[in-house]
Amino acid sequence: FNRDMLMKIDQHQLFKYYKKLRNPHPYGFGSWEGHVNKIKDLQRQLKDLIYEAKRAGCAIPPHVEQAANLPVRIRPG
């Protein structure tokens, strides 16, 4: 995920200063918690799509399944 790489770098110091949803970055970069929630939501959507594709008999590339199951980053670095 590109978002995971951005969280690793944490260029806008969301983890340090803007961790909670109720305290987002003042210039629209969101919050750490918001990014974590978004990744979890995207992974749930991807898992649903994988499930439907498998039910239809489609092959799923390994990297797609891996992306759906990657642990969500809990801190930068």
Once you round to the nearest 0.5 Å, how far does [atom1] of [X] lie from [atom2] of [Y]?
X	Y	atom1	atom2	answer
His35	Leu6	NE2	CG	8.0 Å
Leu46	Ile39	CG	CD1	12.5 Å
Ile9	Met5	CD1	CE	6.0 Å
Leu14	Met7	CG	CE	8.0 Å
Lys40	Gln45	NZ	CD	15.0 Å

query: Which heavy-atom pair separates Lys47 from Ala68 by the least distance, and what is that distance?
result: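 Smallest heavy-atom distance, with atoms named: CE-O, 2.9 Å.
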
query: Of all heavy-atom pairs between Ala67 and Gln43, which one has the smallest distance, and what is that distance?
result: O-NE2, 3.0 Å

query: Has Glu52 got more than 12 heavy atoms of other residues, nucleotides or ligands less than 6.0 Å from its CD?
result: yes

field: Identified ring-ring contact (aromatic ring centres under 6.0 Å, His included) counterpart of His25 within the set Tyr17, Tyr18, Trp32
entry: Tyr18

field: Minimum side-chain heavy-atom gap Ser31-Leu21 below 4.5 Å
entry: yes

- request: Would you check, one step at a time, whether the test side chain to side chain contact (heavy atoms under 4.5 Å, CB included) holds for Ile60 with Lys54?
  value: CA-CA 7 Å; Ile60 308 300; Lys54 284 182 175 181; 3.8 Å; yes

query: Any ion pair linking Lys38 and Glu33 (charged N to carboxylate O, less than 4.0 Å)?
result: no

- prompt: Does Lys19 count as lying over the ring of Phe15, i.e. NZ or CZ under 6.0 Å from the six-ring centre, within 45 degrees of the axis?
  reply: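 Yes, Lys19 sits over the ring of Phe15.
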
